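In what follows, a structure is listed as structure tokens, so that the remarks can point back to it.
The structure presented is a predicted model; accordingly, all values stated were derived computationally and were not measured. All heavy atoms count here, side chains included; hydrogens, waters and symmetry mates do not.
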Amino acid sequence: MKDNLSHSEAAAIFNKDEKRVDWHDETLWFVREKRDKAAFQIPEWETLRETASQIKNNVLSNIKDYLVEFEANALKNGIIVHWAADGAEHNKIVHSIIEKHGVKQMVKSKSMLTEECHLNEYLTEKGIDVIDTDLGERIVQLRNEPPSHIVLPAIHLKKQDVSETFHEHLGTEKGNNDPQYLTEAARLHLRDKFLTRKVALTGVNFAIAETGEIVVCTNEGNADMGVHLADVHIACMGFEKIIPQRKHLGVFLRLLARSATGQPITTFSSHFKKPRGGKEMHIVIVDNGRTTQLGRPDFRNSLKCIRCAACMNTCPVYRRSGGHSYHTAVAGPIGSILAPNLDMSKNADLPFASTLCGSCTNVCPVKIDIHDQLYKWRQVLVKEGYTPTVKTIAMKGMSAVLSNPVVFDFAGKAGRFVMKNAPFMVNNNLNAWYKQREMPAPPEESFREWYKKNGKEFKGKDNE
């Protein structure tokens with residue numbers, strides 16, 4: 001997807017294939033329903049959500065202390081800790097570690113932070129061959145596409161698409177769409193990569209300040225395979241991944257998988273506390289705009305996110321526009337409140353890619369006020385002048401009309417007259433509303449006119 005397309009333009013391209021859109025919508029709603037079933041089986045679900053939210057509030061209020069504690073304990077465990085101010089510094093640190101060991105190949109387990117920092121592109125330019133080992137990530141990597149979802153990276157693709165991709169790149173049988181056959185082909189393809197790559201990179205789901213360890217959650221075990229067979233383990237994390245104590249981990253693990261896929265728990269919840277004998281373990285802690293977000297009172301809660309994607313699975317806009325339409329590493333509602341913090345100009349369209357229905361907030365396991373933040377971002381972007389000129393003029397015009405009763409009354413009468421006597425003036429492609437909808441029949445009178453005639457009757461009833 002081209003970076004210069006707005007969300008609406010990119011969504012329009014995705015929507016050309018109506019059957020695929022319907023399938024995408026239904027598939028993600030199926031995942032949302034699984035989440036509901038899993039959540040409703042736990043009587044204390046809302047207590048878990050509130051507990052997780054309060055733990056994260058504590059973390060954000062004491063982030064400096066917890067990061068210092070985590071670093072101290074990690075160093076005691078024999079882990080090498082690095083700090084990166086932004087994505088560029090993160091990429092340089094990772095490359096320097098790889099370069100130090102004189103290797104040109106690396107395996108990677110899914111990490112949205114490295115997508116955010118564009119690590120793959122950076123390392124490829126430096127001559128490093130990076131293989132994503134998560135099945136969904138590997139599929140989109142072979143297709144030279146970014147992930148469209150933070151948990152289900154290839155959710156926009158059907159098995160026929162995967163079959164064609166594997167036939168082209170892995171030499172599988174043309175037209176064989178059997179998922180078991182395709183999965184086995186991927187397993188054989190990746191086995192050699194695990195056995196021969198001496199550097200493995202993973203993301204971090206949780207970093208425990210009390211013990212200096214990290215936890216990585218996967219369903220395929222690819223993080224374990226990569227790390228246990230490599231000489232060097234590089235773990236990359238945004239600083240908000242910190243939780244205070246190991247006992248808090250149970251709260252988040254019970255919420256994460258249920259919110260993401262409706263599972264009771266991920267297949268693998270792997271703890272990495274220290275390097276194995278003769279091996280190295282590095283942790284790269286990244287800011288990349290998080291401090292700025294932390295300093296925004298209206299938006300700091302977005303840093304509570306545990307990347308479950310429940311908000312994406314429930315969002316009516318995301319489900320029918322596709323992840324690539326968001327032109328940012330993290331798509332959907334949560335991405336739309338994180339991305340403007342990184343670049344308001346580039347991502348000014350994203351907070352408007354929402355109905356503000358609040359479903360995202362309702363399903364968030366850590367109670368992020370997502371739809372409120374989307375609305376607040378709209379206000380910030382308008383004040384900062386990042387909205388399209390045409391839209392700004394239109395909104396100012398509407399404000400003038402709605403704030404003046406005389407003008408509002410005249411505009412209503414004029415609008416009804418035009419719709420009734422010259423419908424072609426509004427029923428044309430210059431009217432963006434008409435492109436997607438049937439225009440309503442004009443009413444005989446406005447509500448104000450009706451109320452002037454009937455209001456006394458209702459006032460009398462109210463006094464009875």
Side-chain angles (χ1 to χ4, degrees), residues 70-71 74-75 77-142 144-147 153 169 189-205 207 212-216 218 220-239 241 270 272-288 329:
F70 174 78
E71 179 188 36
L75 291 172
N77 296 337
I79 300 171
I80 303 169
V81 180
H82 309 263
W83 298 84
D86 53 28
E89 189 172 4
H90 161 270
N91 294 344
K92 289 177 182 177
I93 290 170
V94 173
H95 181 238
S96 69
I97 298 169
I98 297 170
E99 199 171 38
K100 169 190 166 187
H101 290 273
V103 299
K104 292 291 184 181
Q105 299 174 321
M106 182 182 77
V107 288
K108 181 161 76 75
S109 178
K110 186 167 67 174
S111 161
M112 291 313 300
L113 175 66
T114 58
E115 295 289 343
E116 175 188 319
C117 298
H118 305 289
L119 177 67
N120 282 18
E121 297 91 328
Y122 178 87
L123 292 180
T124 299
E125 290 176 2
K126 299 294 183 181
I128 308 298
D129 181 30
V130 182
I131 299 292
D132 281 300
T133 59
D134 173 86
L135 179 56
E137 289 272 1
R138 186 58 180 148
I139 291 168
V140 295
Q141 185 182 34
L142 289 172
N144 197 30
E145 296 176 354
H169 295 278
H189 162 66
L190 290 170
R191 184 171 297 162
D192 175 66
K193 312 302 181 187
F194 285 125
L195 291 170
T196 58
R197 308 281 162 127
K198 299 303 179 185
V199 176
L201 185 145
T202 70
V204 174
N205 288 95
E213 69 188 290
I214 63 168
V215 179
V216 182
T218 68
E220 300 167 24
N222 50 317
D224 299 76
M225 288 283 287
V227 169
H228 292 151
L229 292 170
D231 294 332
V232 181
H233 176 194
I234 306 172
C236 302
M237 56 173 273
F239 69 55
K241 297 292 185 177
S270 306
F272 298 99
K273 188 174 181 180
K274 60 182 179 180
R276 290 175 295 126
K279 311 297 182 183
E280 281 185 18
M281 182 175 174
H282 299 256
I283 294 179
V284 186
I285 303 173
V286 184
D287 186 324
N288 201 38

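Minimum interatomic distance between Arg138 and Ile131 (heavy atoms only, all atoms of both residues): NH2-CD1, 3.5 Å. Minimum interatomic distance between Ala74 and Val81 (heavy atoms only, all atoms of both residues): CB-CG2, 3.9 Å. What you find for Ala235 and Ile214 is that their closest heavy atoms are CB-CD1, 3.5 Å. Here the closest heavy-atom approach between residue Ser111 and residue Leu201 is recorded as CB-CD2, 4.4 Å. Contact detail for Val107 and Gly226: the closest heavy-atom pair is CG2-CA, 4.1 Å. Annotation for Arg276 and Val227: closest pair NH2-O, 3.3 Å, computed over non-hydrogen atoms.
Taken to the nearest 0.5 Å, the CE atom of Met281 stands 4.0 Å off from the CD1 atom of Ile79. In this structure, CG on Asn144 lies 8.5 Å from NE2 on His169, to the nearest 0.5 angstrom. The line from NZ of Lys193 to CG of Asn222 is 15.5 Å long, rounded to the nearest 0.5 Å. Separating the NZ atom in Lys104 from the CD1 atom in Ile98 is a distance of 9.5 Å, to the nearest 0.5 Å. With rounding to the nearest 0.5 angstrom, the CG atom of Leu119 is 6.5 Å from the NZ atom of Lys108. Separation of atoms SG (Cys117) and NZ (Lys92) is listed at 13.0 Å; rounding is to 0.5 Å.
Scored by the ring pair (Phe, Tyr, Trp, His ring centres under 6.0 Å) test, His233 finds Phe272 as partners (sequence neighbours excluded). A search for ring pair (Phe, Tyr, Trp, His ring centres under 6.0 Å) contacts involving His95 returns nothing, not counting sequence neighbours.
Residues Asp134 and Thr218 form no side-chain contact, since every pair of their non-hydrogen atoms from C-beta on lies 4.5 Å or further apart. Proximity of Thr133 to Met225: side-chain heavy atoms (C-beta onward) are nowhere separated by under 4.5 Å. At a threshold of 4.5 Å between non-hydrogen side-chain atoms, the residues Tyr122 and Val94 do not count as touching.
With hydrogens and angles ignored, the 3.5 Å screen pairs a side-chain donor or acceptor of Glu220 with a backbone N or O of Leu135. Here the side chain of Glu137 pairs no donor or acceptor atom with the backbone of Asp132 at under 3.5 angstrom. A donor-acceptor pair is defined here as one N or O able to donate and one able to accept, closer than 3.5 Å; no such pair exists between the side chain of Asp231 and the backbone of Lys198. The main-chain N or O of Ile80 is never found under 3.5 Å from a side-chain atom of Glu280 such that the two would form a donor-acceptor pair.
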Given Ile93 and His282, is the side chain to side chain contact (heavy atoms under 4.5 Å, CB included) satisfied, shown in steps? CA-CA 10 Å; Ile93 290 170; His282 299 256; over 6 Å; no
Residue pair Asn288, His90: steps toward the side chain to side chain contact (heavy atoms under 4.5 Å, CB included) verdict: CA-CA 9 Å; Asn288 201 38; His90 161 270; over 6 Å; no
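Partner Met237 forms a side-chain contact (heavy atoms from CB on, under 4.5 Å) with one of Asn205, Val204, Val286 and no other, that one being Val204.
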